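One structure is given here, and the rest of the page talks about it.
Bear in mind the structure is a predicted one, so any value in this text is a computation, not a measurement. What you see below is based on every heavy atom in this structure, not just the backbone, and it leaves out hydrogens, waters and symmetry mates. Every chain is numbered from 1, with letters handed out A, B, ... down the list of sequences.
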Protein chains: 2
Amino acid sequence: MTKNNSTSIERKVTASDVAQRAGVSKWTVSRAFTEGASISPNALARVLKAADELGYRPNLLARSLSKKRTNMVGLVVDELDNPNIFLVLDEMTRQLQRRGYMSMLLNITAEHSYGSALSLADQFQVDGLIFLGTVLTDELVRLAQEIRHIPLIVMYRNSDNPDIQVVSTDGHRAGREIANLFVEQGFRRIGYMLGPSSESTQLKRLDGFRDGLGEHGLSVCTLLPAGHYRRDCGFAALNHYLDSTPEQDRIEALFCENDILAIGALDALRKRSETVQLAIVGFDDIELAASPSYELTTYRQPLETLVTEVIRRLTGQNAGDMRRFLVPGKLILRSSHLRRE
Amino acid sequence: MTKNNSTSIERKVTASDVAQRAGVSKWTVSRAFTEGASISPNALARVLKAADELGYRPNLLARSLSKKRTNMVGLVVDELDNPNIFLVLDEMTRQLQRRGYMSMLLNITAEHSYGSALSLADQFQVDGLIFLGTVLTDELVRLAQEIRHIPLIVMYRNSDNPDIQVVSTDGHRAGREIANLFVEQGFRRIGYMLGPSSESTQLKRLDGFRDGLGEHGLSVCTLLPAGHYRRDCGFAALNHYLDSTPEQDRIEALFCENDILAIGALDALRKRSETVQLAIVGFDDIELAASPSYELTTYRQPLETLVTEVIRRLTGQNAGDMRRFLVPGKLILRSSHLRRE
DNA sequence: CGAACATTTGCAACCGGGTGCAATCATTGG
DNA sequence: CCAATGATTGCACCCGGTTGCAAATGTTCG
């Protein structure tokens, strides 16, 4: 972009300014910046030259006013303390930007901000709402639907609401794979640590885990509720269990609903004075899982595939009419699932 | 909001619709939604009633077109893998939302996306750019300045560019405090692990650390460059140092530029077969620092204060003309800074 | 060379609100 | 009771683009 030394402190350059300089009408300028519009090569060149000299960039808000689309999407987030969300945000914002979309972060961590956050998104005319690992309460869904018809997509979770598209890892299948892993290791007394219950039901991991164990005549013998997806909650949950369960009654293996809980659980094992035999598997494969402090066996979700699919749906290219898009992830074997020596 | 059962699939409700229903002109509707506008209590009530019945919400994009402000701010982020950014994003988006601002996430992780990301922000007419723990390269600053005059604020870093406001923890002071801590513990051979060098110079932690040691006749005897703020980089950096340094020559204490590096360093200690005597201190106080696996002594930045100040400046209430706002943080003592038994 | 068709380009109107001013209405007071 | 004063309200026009249509220009071919 050529340096504009005369009027850089002035107001924004508009299409009319460019038009005047290029000797065309402002409508022609508009066409120059519209893909596939009817414009002569000559006019196009003159407009682009003038635009470059003036440092012109179209005002997307004005454009959005007449077009129906704003190219802004709301990313609804409620667990900014779960490290997994980082990976997702990174990939998602990057792919969105590459396609000219702007990501608006909607933080609904504070309970009372449900309504105000969605209302704000509505007023800013977002093209769609993407729920990233968000607890989809009925209240939240109801509020989202009050916004004029835009795609509502939940990623990393499931939902039975017919108005919400689901793009997620196949939690049921993942649960079964992990059940098989434990069975192969010869464990028989097996537990499951779950997060916020409303959320757990949307993940289907527990269902698959139960079914998988069932196929071998086993069942989940202990459920450890952790309350939130936070390391300290996982820590406390397992600690409490160990405190209140005599050694001979304890589970031998534990599947934690996600990595941050599993890491809390591993911390609990480390912290105790006695040595506890307990195999642990997590979910997500966050960076820390690879740490030599944890060596966590876990299940990696196909992030890039999921994000791509979310954006396809967002831009209305949803092939077929499948409301749900479920893909398998990949088991990442480290050492935490092994019987300890 | 009253259920609107007749036209919920229709286009958006506009001010004119509300006006018609309330029996006033659309300008009166506009006034009803403008703080401090001149409108009779009677008209206000009628408009609000009609608006509620129709589910009307003003179109903020249209409003932005005539007003000068958009109430959208760009959050520029480039290290979505440093856990500390979570805390910041959470606090920042929450405070912004509370004031009716929308946060646009600008991910500039991929080098080539510098320009396109900022250009996008420009076209969306953001009211300001906040650099959250971002490497402020000259190139980035130049691009940002090409946008028409809006506040540019860097948080968590320093900058000498006169056009950029700085809101940050006093890194120099923090470095001195940590130097004193090590000196009190009786350490004499002391090292420092730094991240990307361009960034390190903006933090001033090393300068303060050096000065602090200098006051006791000591100096930083080893610099460990980690390349990036990532756990595996911290891990590799310390590992490499230990591999290449005979035991008697090694440092006794190490200040890592942030927690995630420190955690990598602690992982390196854990992973080694021999026991290494090395006290470690980090910076940020991320959640994981409290883990019993790490017990990391660290330095907590006054997040809420910083965010509040950023928003004050963003909204143009910058009292006085101080370009820099530097506040002290707080040393959090755990056990990693102690001489190991 | 001129009719028939294809490309370009300009124009009025519009997207959904906001601004400044003038017209209208309601009070107040002489 | 009527003029002066202040509070409300309506209106034309603007913000910076886009759309649909018609006029203008260019091209093809009998």
Side-chain angles (χ1 to χ4, degrees), chain A residues 10-48 50-51 54-72 100 120 122-127 147-148, chain B residues 10-48 50-51 54-72 100 120 122-127 147-148:
Chain A
E10 307 296 324
R11 76 182 196 306
K12 281 229 121 180
V13 180
T14 89
S16 300
D17 301 331
V18 177
Q20 190 176 354
R21 181 168 189 122
V24 297
S25 69
K26 67 168 182 167
W27 296 280
T28 301
V29 174
S30 170
R31 289 189 182 97
F33 287 90
T34 305
E35 199 65 31
S38 164
I39 187 174
S40 68
N42 172 27
L44 178 58
R46 291 227 309 285
V47 168
L48 290 185
L54 261 34
Y56 169 74
R57 283 176 189 152
N59 180 330
L60 293 184
L61 298 193
R63 171 178 295 175
S64 301
L65 208 50
S66 17
K67 301 242 195 223
K68 283 308 177 190
R69 313 184 47 217
T70 57
N71 272 29
M72 303 195 289
L120 208 55
D122 184 14
Q123 294 180 264
F124 276 106
Q125 320 292 117
V126 297
D127 279 346
I147 302 183
R148 73 204 181 297
Chain B
E10 306 296 325
R11 74 182 198 306
K12 278 229 122 178
V13 180
T14 89
S16 300
D17 300 333
V18 177
Q20 190 176 355
R21 179 163 188 129
V24 297
S25 68
K26 67 167 183 167
W27 296 278
T28 301
V29 174
S30 171
R31 289 189 182 97
F33 286 90
T34 304
E35 200 66 30
S38 164
I39 187 174
S40 69
N42 173 28
L44 177 59
R46 291 228 308 285
V47 169
L48 291 184
L54 260 37
Y56 168 73
R57 283 178 190 150
N59 180 330
L60 260 29
L61 299 192
R63 172 179 296 175
S64 301
L65 208 51
S66 18
K67 300 245 198 222
K68 283 307 177 190
R69 316 192 35 220
T70 58
N71 272 28
M72 304 195 288
L120 208 56
D122 183 14
Q123 294 181 266
F124 276 107
Q125 321 291 117
V126 296
D127 279 346
I147 302 183
R148 72 202 183 298

More than 12 foreign heavy atoms under 6.0 Å from CD of Q20(B): is that the case here? no
How many Å lie between CG on L61(B) and P on dC14(C), as a whole number? 21 Å
Just the rounded figure in Å: distance from P of dT8(C) to CG of L44(A). 11 Å
How many Å lie between NZ on K68(A) and C1' on dG17(D), as a whole number? 14 Å
So which one's nearest nucleotide on DNA chain C is more toward 5', V29(B) or S25(A)? S25(A)
Could you state the CZ-P distance from F33(A) to dG16(D), rounded to the nearest angstrom? 16 Å
Rounded off to whole Å, could you give me the NZ-to-P distance for the K67(A) and dG20(D) pair? 10 Å
How many angstroms lie between atom CD of Q123(A) and atom OH of Y56(B), to the nearest 0.5 angstrom? 8.5 Å
Closest listed nucleotide, where the reference is the side chain of S40(B) and the choices are dT8(C), dT8(D), dA12(C): dT8(D)
Would you classify S38(A) as touching base, sugar-phosphate or nothing, given that sugar-phosphate means primed atoms plus P, OP1 and OP2, and contacts are heavy atoms under 4.0 Å? base
Whole-Å distance between dG16(D) C1' and D122(B) CG? 14 Å
Between A62(B) and R31(B), which residue's closest nucleotide on DNA chain C lies nearer the 5′ terminus? A62(B)
Closest to the S30(B) side chain: dG18(C), dT18(D), dT7(C)? dG18(C)
Is it true that a side-chain atom of R46(A) and a backbone atom of A22(A) form a donor plus acceptor pair closer than 3.5 Å? yes
Cationic N near anionic O, under 4.0 Å, K67(A) to D127(A): no
When every non-hydrogen atom of F33(A) is compared with those of P58(A), the smallest separation belongs to CD2-CG, 4.0 Å
Out of dC13(D), dC15(D), dT9(D), whichever nucleotide has its closest atom nearest the side chain of W27(B): dC13(D)
Ignoring hydrogens and angles, does a donor from either the side chain of K26(B) or the base of dG17(C) sit under 3.5 Å from an acceptor on the other? yes
Nearest to the side chain of A15(A), which nucleotide is it out of dG17(D), dA7(D), dT18(D)? dG17(D)
Which of the following nucleotides, dG16(C), dT9(D), dT9(C), is nearest to the side chain of T28(B)? dT9(D)
What is the distance, to the nearest angstrom, from the CD1 atom on I39(B) to the P atom on dG18(C)? 12 Å
Send over the distance from D17(B) CG to dC15(C) P, rounded to a whole Å. 11 Å
